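When reading the values below, keep in mind they use all heavy atoms of this one structure, side chains included, and skip hydrogens, waters and symmetry mates. Keep in mind it's a predicted model, so treat the numbers as computed, not measured. In the text below, chain A, chain B and the rest are named by the order of the sequence lines, each starting its count at 1.
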There are 2 protein chains.
Amino acid sequence: MARPRGATRERILDVALELFNEQGYDKTSLRQIADRLGVTKAALYYHFERKEDILLELHLRLHEIGRNLLDQFDLLEDEGAIVAAWPRLLDQFVDDMVANRELFLMHERNQNALMVLEGNERHESENEDLEQRFRRLMSNPEIPLEQRVRMTCSVGAVFIGLMSAGASIFGEASDEVVPFVRKAARAAFSSSED
Amino acid sequence: MARPRGATRERILDVALELFNEQGYDKTSLRQIADRLGVTKAALYYHFERKEDILLELHLRLHEIGRNLLDQFDLLEDEGAIVAAWPRLLDQFVDDMVANRELFLMHERNQNALMVLEGNERHESENEDLEQRFRRLMSNPEIPLEQRVRMTCSVGAVFIGLMSAGASIFGEASDEVVPFVRKAARAAFSSSED
DNA sequence: GTCTATATTTCGATAGAC
DNA sequence: GTCTATCGAAATATAGAC
């Protein structure tokens, strides 16, 4: 079976992502992944040392997205620039979520499972850094508290809006929904209406 | 040990909720719950037939909150009334979340575990009903799509805003944060700013 | 209502042949 | 790279005494 290099590994990750979203990480056994893939459990161990490492690899792809977003803040000079740049970053976040919905879904549905990655070296080095940068941003007293709260709320609006659309809650194509989500999120951040 | 009736059962639920939030449902063994409570594993089986039933009981308390909210929609006559009533319901939702933060946190962090309740009779009868009523509301074509999307987004703003506050992301007392969350959520729903 | 002891199952992980 | 076979650990759940 001469398959392109890394193809099987990639297929394992695809199937695992599917199953983690269907039934959760903990309820998904390596046997199930292997079965759906048409191989045996032992074969998986050639590609991943531990079950945990499959979850980790998927999670790291989200890290990269988060890092890209946070990196853009480091380019900004003062708190005024951050607030001014937020709508653009919000749009970027929408794009990221639309393009990687399954990954975001996994993160949402398996938060408890992701806790086992605490203690994992490869994860810690990256994650600590990301979380610290995020907390620093959100507890920065130079930005008025209301602005910081609204930044967070606008992210929540995007997140739940797009997740609901993905779950076909609205019964319409998500192409139509996305612009409304952008609008709602922007309003959550910057409207001064009372 | 003459304890008030149902007191042990209640303590089990308290400790379980704690542990489920700390490390997740799947990673929490009955042994851990028993240890923290100062009893043995077998004793838990006197109060709950299965581990799953502990999770179910906690989850049903959220059902009740959700049902209370949805019930208020049944009192409304047309789609205009629904849209008009939304800000009030949003405020109600904020109050519910503040008063039951731990329960909401459990639901957020253990979505994968909650999937095992699918198939549970006691759960299905209630849940199907709730979910159907919610989906009917959100796919009601008499309400403009944008309004429905914004309803959902406003809930997301509340949810993520309050969860972040609870996790001390902002570094301030959540008393100060709550009003800003209300404002952001209201804006996400009804601002027409561009 | 709580205990000790044990049955039963499931799963992650490894060894070694091909 | 994939297989068969198996180990060992851990967890849920049960039986029966107190």
Side-chain angles (χ1 to χ4, degrees), chain A residues 1-20 22-59 110 112-123, chain B residues 1-16 19-20 22-59 110 112-123:
Chain A
M1 283 296 174
R3 231 183 265 281
R5 293 164 231 303
T8 300
R9 191 186 165 88
E10 207 58 36
R11 282 174 66 225
I12 293 173
L13 290 168
D14 282 349
V15 168
L17 181 55
E18 262 177 43
L19 283 166
F20 294 168
E22 284 173 25
Q23 16 170 311
Y25 173 79
D26 290 287
K27 291 282 171 297
T28 301
S29 66
L30 292 175
R31 190 187 139 82
Q32 281 179 299
I33 299 178
D35 281 356
R36 188 173 287 198
L37 218 68
V39 297
T40 62
K41 202 172 47 160
L44 302 181
Y45 279 93
Y46 174 80
H47 297 278
F48 294 92
E49 271 189 30
R50 289 159 304 181
K51 182 188 179 187
E52 198 182 295
D53 292 332
I54 301 179
L55 184 67
L56 176 59
E57 189 115 338
L58 290 170
H59 184 53
N110 292 282
N112 56 2
L114 290 169
M115 297 183 199
V116 308
L117 297 183
E118 288 165 24
N120 181 306
E121 276 200 45
R122 196 163 147 223
H123 180 258
Chain B
M1 283 293 175
R3 230 183 266 280
R5 293 164 233 302
T8 300
R9 190 186 165 87
E10 206 58 35
R11 283 173 66 225
I12 293 174
L13 290 168
D14 282 350
V15 168
L19 283 167
F20 293 168
E22 284 173 24
Q23 17 171 316
Y25 173 79
D26 290 287
K27 290 282 171 300
T28 301
S29 67
L30 292 175
R31 189 183 139 75
Q32 280 180 301
I33 298 178
D35 281 357
R36 189 173 286 199
L37 218 67
V39 297
T40 62
K41 204 172 44 162
L44 302 182
Y45 279 93
Y46 174 81
H47 297 277
F48 295 92
E49 272 191 29
R50 290 160 303 181
K51 181 189 180 187
E52 198 182 297
D53 291 333
I54 301 180
L55 183 67
L56 176 59
E57 189 114 340
L58 290 170
H59 184 54
N110 291 283
N112 56 3
L114 290 169
M115 297 183 201
V116 308
L117 296 182
E118 288 165 25
N120 181 306
E121 276 199 45
R122 197 164 145 222
H123 180 257

Open item on the list: Pairing donors with acceptors under 3.5 angstrom, does anything connect the side chains of A:Asn112 and B:Gln23?
Closed with: no
Task: Nearest listed nucleotide, side chain of B:Ala42, among D:dT14, C:dA15, D:dT2 - done: D:dT14
TODO: Among the candidates C:dC3, D:dC3, C:dG12, find the nucleotide nearest to the side-chain atoms of A:Lys41.
DONE: C:dG12
- [ ] For the pair B:Glu57 (side chain) and B:Ile54 (backbone), establish whether a donor and an acceptor sit closer than 3.5 Å, ignoring hydrogens and angles.
- [x] no
TODO: Go through residues 25-35 of chain A and report each residue with a non-hydrogen atom lying under 4.0 Å from DNA chain C, sorted by number.
DONE: A:Thr28, A:Ser29, A:Leu30
Task: Strand contacts (DNA chain C) in residues 45-52 of chain A, 4.0 angstrom heavy-atom criterion - done: A:Tyr45, A:Arg50, A:Lys51
TODO: Can you sort out the partners of B:His47 under ring pair (Phe, Tyr, Trp, His ring centres under 6.0 Å), two or more places apart, ordered by chain and number?
DONE: none
Open item on the list: Tell me whether B:Lys51 forms a cation-pi arrangement with B:Tyr25, defined as NZ or CZ under 6.0 Å from the six-membered ring centre and within 45 degrees of its axis.
Closed with: yes
- [ ] Would you indicate whether the side-chain heavy atoms of B:Leu19 and B:Val15 approach each other to under 4.5 Å?
- [x] yes
- [ ] Report yes if some heavy atom in the side chain of A:Leu58 is under 4.5 Å from a heavy atom in the side chain of A:Phe20; otherwise report no.
- [x] yes
- [ ] Take the protein atom CG of B:Leu44 and the nucleotide atom C1' of C:dG1, then report the distance between them rounded to whole Å.
- [x] 12 Å
Task: Neighbour count above 12 (heavy atom, 6.0 Å) for A:Glu22 CD - done: yes
Task: Presence of A:Thr40 side-chain N/O under 4.0 Å of D:dT2 phosphate oxygens OP1/OP2 - done: no
